[in-house]
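Here the structure is laid out as structure tokens; the discussion comes afterwards.
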There are 4 protein chains.
Amino acid sequence: MGYSHMDSIISGRKPQTTPRKIASQARARATVDALVEATARILVRDGFDRASTNRIAEAAGVSIGSLYQYFPSKEALVVAVIERHNHDLMTIVTAAFAKANGKPLAAAIRLLVVAAIDAHRVDPELHRVLAEQTPRSGALANIELFQRDAHSIFRSYLEENRSGIRVRDLDLAAFICVTSIEALTHTAVIHRPDILVDERVEQLVEETSGLIAGYLGGADRGPSMTV
Amino acid sequence: MGYSHMDSIISGRKPQTTPRKIASQARARATVDALVEATARILVRDGFDRASTNRIAEAAGVSIGSLYQYFPSKEALVVAVIERHNHDLMTIVTAAFAKANGKPLAAAIRLLVVAAIDAHRVDPELHRVLAEQTPRSGALANIELFQRDAHSIFRSYLEENRSGIRVRDLDLAAFICVTSIEALTHTAVIHRPDILVDERVEQLVEETSGLIAGYLGGADRGPSMTV
Amino acid sequence: MGYSHMDSIISGRKPQTTPRKIASQARARATVDALVEATARILVRDGFDRASTNRIAEAAGVSIGSLYQYFPSKEALVVAVIERHNHDLMTIVTAAFAKANGKPLAAAIRLLVVAAIDAHRVDPELHRVLAEQTPRSGALANIELFQRDAHSIFRSYLEENRSGIRVRDLDLAAFICVTSIEALTHTAVIHRPDILVDERVEQLVEETSGLIAGYLGGADRGPSMTV
Amino acid sequence: MGYSHMDSIISGRKPQTTPRKIASQARARATVDALVEATARILVRDGFDRASTNRIAEAAGVSIGSLYQYFPSKEALVVAVIERHNHDLMTIVTAAFAKANGKPLAAAIRLLVVAAIDAHRVDPELHRVLAEQTPRSGALANIELFQRDAHSIFRSYLEENRSGIRVRDLDLAAFICVTSIEALTHTAVIHRPDILVDERVEQLVEETSGLIAGYLGGADRGPSMTV
DNA sequence: CATGAATGAGTATTCATTCAT
DNA sequence: GATGAATGAATACTCATTCAT
């Protein structure tokens, strides 16, 4: 845990116990952290296109040579940022699921919606850049990884709470719910700051929760989709 | 008609993305069309980052000089593609709204959801590139314009059909509906081709329509969001 | 006279007397004038580097094709501007020489110095661009032509007024006088606007005239300077 | 000494013409020197307009990337050449002033005139390109800096030798003298090679010195400019 | 291990000039 | 003659990446 997403990056180094190695490991980790942090900061400040590796190295107080010692490419740097950001989001979301478990459907959904909004508020500027300016291809598709993770967690939740749920195709249901919640909270945070003003946030939460809860447990939508 | 998407191009709106010359002669108009089409093709084939103006000119069978005779920047070219694409989508969506008018809520929603899927299927590869790889900033933010347009049309629809609708804040309702429908159809088309296989498409339409119809006209969600 | 420098440009057309030809000749002349004037204007407004032939044609209200009908190259346009400007300067300078003839040396010199300042004030912005931004090479060296012309006129003057003059090598003397007067008035107009304020102009004229008159007719420059 | 002309380069003075990096390592310094030297050489060989950054880099035996590592623009390169050239000229001129101090006026002036000619002969081809082909604007105006420097040094000289001088307005006098000497030597070197042939050089020195000495100390030009 | 000097393919864009209509 | 669409060589400049020290 902690920086588990980093393991794969520094991988190649075998765990040694000699003090000196530990010391240098700590130093390496600090360098890596500084680079990831600098990348995030530059990404927000300058945008993806103007975020050059040289600029990132400079902002991290590290030489360009060292940057390439730890990250094989610019893409790897951005992937690390994405992974860290996803990790942060997942922390919030999984906590919400834990808290939701056992609660009645409506209350549970509500918790998840609030968590979704909270998650999007963690570092909205970074989130926006990652979502809007970072070309998604190859390894960079990872932003979608969050969605996949969220999807499978949500599906598990549905399975465990099958009783209160009317929908049969749990996979499709998870898709519908996760996609909607994500889109609504994302769009609100990124494009509709007016909706997030104190009083209105509550309204957004109510409506979104209503949308999902109505869909999942909708009292009388009849046998099969009697819309 | 015909090149009506060009209207917005010809009308001088934004400083750096406004075409330089109005293509009055037939030859010039052909050149402009070839450039926009080539841009779309290259965007799909090579991705946004590798779509250089030289490559686009070459693909259009036009000299780089001619490209800059009509488009002051690479961005202007992409804006033209976006506008053309948005125009194509809006054609489908507005037609659906026209057809939906007067119909009962459930049927109307269904029409709109089907239209949303159809719209996303117009040129999915281009849509994906525009959505995922094209940095949204400055004039390029126009991709969101489609959402705004869709939002206001939907809001009008809600006003005219207030009777069957339970929700009070029409603006928020429009936001919820448009955002959800867009996200669900978009994500399905872009990331879940498995969902779009013949039999399952029908299911997606049902579920999505149910989500929205349940939200808007939901029989008994109680006085105020008694979820 | 008038636009005699233009003859060489329109050359190739034989003088015809048929009204229609006269009419079209007049039109051609108007076009040529418009182009030369537009070039001067653009040169001042945008500087030499940003003065493109297309911009010049546009400013002249003439198509780029027509521009090349009358001027074989961008350089030819600038040469025409230089020639016109030189012509304007020479008009002032020759008038001054005419007026100076017969006057005593001191008074004559004074007239010439005043004329030099007046000449530099004809179109100082254009003069500056021509002097500072226009690369002098090939046909563009013509700016120096003015100096040559001035030199030979001045030499003639010295010959006709040999009596009051102490200097023997008239050629060298002409060089010294013309170069000094030109440099002093030019530099003052271009770089020292503070010197040209009303009261100080008079002082500049006095000092410059004194410099030249002292040199040419200097009573007793003593042994060491006895050239 | 050695690279003292670099001082002004290293000190960050103007926004766009200031070098990017301080060349600390020996290799880097060699690169910077090679670039400045190559720029001068290319300027002379090809002229300002045809001196492209790629050509300069090639001539310096350095990659275009390295060029931009040290100089943020083509202009910066030319500014460096100008500064180096000015430095070279000032070395000669200040030495002459040092030698002139204490000497009687006529002899002192003579030394300065000779120094002016020498200075113009340092690298006449470069001097010509800098003076004639290099557009003077923005940071490139620095060529005039030399004149300013020369002006203030000369003014100081006049102050210290007030006794032998008839002129009252020292500022104006310095302007007259510096401008004349500069113009005469410059024009002779650049446009009148015939004047600089052995025997005639002496004559040019005499006449120029006479012009200036007569002006400054002219025996009897009466109380105030009785010309 | 760290440094930072060096690289060079690649990019967007301009502009003098030509020539079919 | 006039037009203006088309050309394409040329330019300044960036940036991910390598490698000698």
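As the structure is a prediction and not an experimental result, all values here were calculated from the model. Just so it is clear: chains get the letters A, B, ... in the order the sequence lines come, proteins before strands, and each one is counted from 1.
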What's the separation between atom CG in D/Asn54 and atom NZ in D/Lys74, rounded to the nearest 0.5 Å?
11.0 Å
Any D/Gln69 side-chain nitrogen or oxygen under 4.0 Å from OP1 or OP2 of E/dG4:
no
Send over the distance from D/Asp49 CG to E/dA16 C1', rounded to a whole Å.
13 Å
Sequence neighbours left out, what passes side chain to side chain contact (heavy atoms under 4.5 Å, CB included) with A/Glu58? Give chain and number order.
none
Counting C-beta onward and ignoring hydrogens, is there a side-chain heavy-atom pair between C/Leu67 and C/Leu77 closer than 4.5 Å?
yes
note: D/Phe48, atom CZ; F/dT11, atom P; distance rounded to Å ~ 13 Å
Any stem touching DNA chain F, meaning at least three consecutive Watson-Crick or G-U pairs under 3.5 Å, ordered by first number, would be E:2-21 with F:2-21
Taking the side chain as everything from C-beta on, heavy atoms only, tell me whether A/Arg50 gets closer than 4.5 Å to A/Arg45.
no
Side chain to side chain, B/Glu37 and B/Arg84, heavy atoms closer than 4.5 Å:
yes
Report the distance from atom OH of C/Tyr70 to atom C1' of E/dT17, rounded to the nearest whole Å.
18 Å
Any side-chain N or O of C/Ser73 less than 4.0 Å from the OP1 or OP2 oxygen of E/dA16?
no
Kindly indicate, with the supporting measurements, whether the criterion side-chain contact (heavy atoms from CB on, under 4.5 Å) is fulfilled by B/Val78 and B/Phe48.
CA-CA 9 Å; B/Val78 178; B/Phe48 182 86; 3.9 Å; yes
Interatomic distance, A/Asp46 CG vs F/dT14 C1' [rounded to whole Å]:
14 Å
Tell me what A/Ala51 touches on the nucleic acid: a base, only sugar-phosphate, or nothing, going by heavy atoms under 4.0 Å.
sugar-phosphate
Does OP1 or OP2 of F/dC15 have a side-chain N or O of A/Thr53 closer than 4.0 Å?
no
What I'd like to find out is whether the side chain of D/Leu43 reaches to under 4.5 Å of the side chain of D/Ile56, using heavy atoms alone.
no
OP1 or OP2 of F/dC13 less than 4.0 angstrom from a side-chain nitrogen or oxygen of D/Tyr68, does that happen here?
yes
Let's see if you get this right: which residues in residues 54-67 of chain C place a heavy atom under 4.0 Å from DNA chain E?
C/Asn54, C/Arg55, C/Ile64
What is the distance, to the nearest angstrom, from the CD1 atom on D/Ile42 to the P atom on F/dT11?
12 Å
Taking the side chain as every heavy atom from C-beta outward, state whether A/Phe71 and A/Val32 have any atom pair closer than 4.5 Å.
yes
Reading DNA chain E from 5' onward, which residue's closest nucleotide shows up sooner: B/Arg50 or C/Lys74?
B/Arg50
So do D/Leu126 and D/Val81 actually touch side chain to side chain, heavy atoms under 4.5 Å?
yes
